Amino acid sequence: MLVYPSSIDLSSRTLRYLTGHLTVRRGEIRTRWRRPTAGRQALLALAHLRCGDTYARLAAGFGVGIATVYRYIREAVEVLAALAPTLAEAMNIARTKAFVILDGTLLPIDRIAADTPYYSGNHKRHGMNVQVLTDPFGRLLWASPALPGSTHDLTAARTHGILEALAEAGLKCWADKAHQDAGGSIRVPFRGRRLKRWQRRHNSTHAKIRCLGEQAMATLKGWRLLRKLRCSANRITAIVQAVLVLHHASA
């Protein structure tokens with residue numbers, strides 16, 4: 001098998017961050033000697049999350065078995081996911097901001113037509129619904145647990161308690177049309193074809209503010225694994241949380 005050098009568009013600070021937490025993890029579980037060091041395990045996990053490299057490709061590149069790759073990546077994801085901020089913690093940070101932006105995204109998954117709960121009629125594909133909160137500059141603050149793709153954005157926001165948390169914090173929030181009827185301090189654009197001039201102006205201003213949330217989505221999907229997830233749907237929440245933690249570590 002041919003092997004070639006590659007690169008990951010992440011800073012060495014991200015590698016050191018993950019290596020440090022994996023070293024602590026190995027000390028906590030009193031693991032026996034492993035062939036790859038914590039640094040090599042961190043590099044392997046980053047290659048999978050950032051570049052979307054498959055287990056087979058990573059096994060060949062790092063000189064270990066496919067089962068070992070799976071075990072190391074799963075361990076790294078669990079370590080990172082445990083560090084992800086909760087919604088309450090995100091609200092404490094958001095209180096210092098003028099407002100927040102709420103948006104939902106669909107993470108594509110590898111499913112067949114029979115998996116109806118995962119099919120999004122809006123996007124015409126299978127996936128998982130994730131709600132994201134960003135600050136006024138489009139920086140990621142929090143990502144929700146993943147729900148089946150058929151879940152409406154407003155239903156997802158209510159399920160995760162986002163609307164109640166925003167109301168308790170007294171925060172203004174800009175969201176898209178999918179969050180219509182959310183009430184409270186949620187600002188959404190007007191719907192309809194025959195809008196008055198002032199309503200069109202409102203929608204234009206609203207779009208300029210909310211587009212920063214779209215930039216955050218692009219940042220999230222810069223981690224290429226999230227562009228097409230082929231793992232169990234039960235693991236996607238942990239993967240999203242791990243990516244969020246690494247994003248904050250590299251910022």
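If you're wondering where the values come from, they're calculated on a predicted model, not measured in any experiment.
Note that CD1 of I8 is 8.0 Å distant from CG of L15, once rounded to the nearest 0.5 Å. Of the inter-residue distances, the one linking I239 atom CD1 with M128 atom CE reads 10.5 Å to the nearest 0.5 angstrom. With rounding to the nearest 0.5 angstrom, the CG atom of D176 is 10.0 Å from the CG atom of L154. For the atom pair CG (L107) and NZ (K221), the distance works out to 6.0 Å, reported to the nearest 0.5 Å. Taking CD1 of I109 as the reference point, atom CZ of R125 lies at 10.5 Å (rounded to 0.5 Å). Here the straight-line distance linking atom CD1 of I186 with atom CD of Q180 works out to 11.5 Å at 0.5 Å rounding.
Using a distance-only test at 3.5 Å, with no hydrogens or angles considered, a donor-acceptor pair links the side chain of K124 to the main chain of G121.
No side-chain heavy atom of R200 sits under 4.5 Å from any side-chain heavy atom of F190. Residues L244 and P85 meet the side-chain proximity criterion, which asks for heavy atoms closer than 4.5 Å. A heavy-atom distance below 4.5 Å is found between the side chains of Y72 and R34. L10 places a side-chain heavy atom less than 4.5 Å from the side chain of W223. Annotation: side chain of C231 is in contact with side chain of I236 (closest heavy-atom distance under 4.5 Å). Within the 4.5 Å cutoff, the side chain of L80 has no heavy atoms near those of the Q241 side chain. L212 places none of its side-chain heavy atoms less than 4.5 Å from the side chain of F137. Taking the side chain as every heavy atom from C-beta outward, I29 and E75 approach each other to under 4.5 Å.
When every heavy atom of P136 is checked against every heavy atom of K97, the shortest pair comes out as CD-CB, 3.9 Å. Between G138 and A216, the shortest heavy-atom distance links the atoms O-CB, 3.2 Å. Between S120 and G149, the closest heavy-atom pair is CB-O, 3.5 Å. Looking at every heavy atom in both residues, A76 comes nearest to Q41 through N-NE2, 4.4 Å. Looking at every heavy atom in both residues, A81 comes nearest to A238 through CB-O, 3.7 Å. Nearest heavy atom pair, residue T134 against residue G213, reads OG1-CA, 4.1 Å.
Cluster annotation: L220 and V100 are assigned to distinct hydrophobic clusters (Ile/Leu/Val/Met/Phe/Trp/Tyr, side-chain heavy-atom contacts under 4.5 Å, transitive). Following chains of ILVMFWY side-chain contacts shorter than 4.5 Å, one can reach V69 starting from L49, so the two form part of one hydrophobic cluster. Linking ILVMFWY side-chain heavy atoms closer than 4.5 Å, directly or via other members, places W142 and V77 in two distinct hydrophobic clusters. Under a hydrophobic-cluster definition in which Ile, Leu, Val, Met, Phe, Trp and Tyr are linked whenever side-chain heavy atoms come within less than 4.5 Å, directly or via other members, L226 and L106 are assigned to different clusters. At a threshold of 4.5 Å between side-chain heavy atoms, the hydrophobic network of Ile, Leu, Val, Met, Phe, Trp and Tyr places L147 and V240 in two separate groups.
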Trace of the side-chain contact (heavy atoms from CB on, under 4.5 Å) decision for D135 with L140: CA-CA 7 Å; D135 69 7; L140 285 166; over 6 Å; no
Test log, rule side chain to side chain donor-acceptor pair (under 3.5 Å), inputs R201 and T205: CA-CA 6 Å; R201 287 199 302 267; T205 303; over 6 Å; no
side-chain contact (heavy atoms from CB on, under 4.5 Å) evaluation trace for R40 with L44: CA-CA 6 Å; R40 294 288 287 175; L44 185 152; over 6 Å; no
H126 and Y119: CA distance, side-chain angles, deciding distance, ring-ring contact (aromatic ring centres under 6.0 Å, His included) verdict: CA-CA 4 Å; H126 293 81; Y119 185 77; 5.2 Å; yes
H179 vs L102, side-chain contact (heavy atoms from CB on, under 4.5 Å): CA-CA, chis, key distance, verdict: CA-CA 9 Å; H179 296 88; L102 172 63; 3.7 Å; yes
Worked check of side-chain contact (heavy atoms from CB on, under 4.5 Å) between H48 and R224: CA-CA 9 Å; H48 179 66; R224 285 179 280 281; over 6 Å; no
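A38 meets the side chain to side chain contact (heavy atoms under 4.5 Å, CB included) test with T19, L22, T23, R26; sequence neighbours excluded.
Under a cut-off of 6.0 angstrom, the local environment of CZ in R227 is crowded, with over 12 non-hydrogen atoms contributed by other residues, nucleotides or ligands.
In summary, the side chains of R74 and Y70 do present a donor paired with an acceptor at a separation below 3.5 Å, with no hydrogens or angles considered. In this model, no donor atom of one side chain and acceptor atom of the other lie less than 3.5 Å apart for D103 and Q131.
Under 4.0 Å is where a charged nitrogen must lie from a carboxylate oxygen, and between E214 and R210 at least one such pair does.
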Side-chain donor-acceptor distances from residues 159-175 under 3.5 Å, at least two apart:
from, atom 1, to, atom 2, distance (Å)
T159, OG1, T155, O, 2.7
H160, NE2, S144, OG, 3.4
H160, NE2, P145, O, 3.3

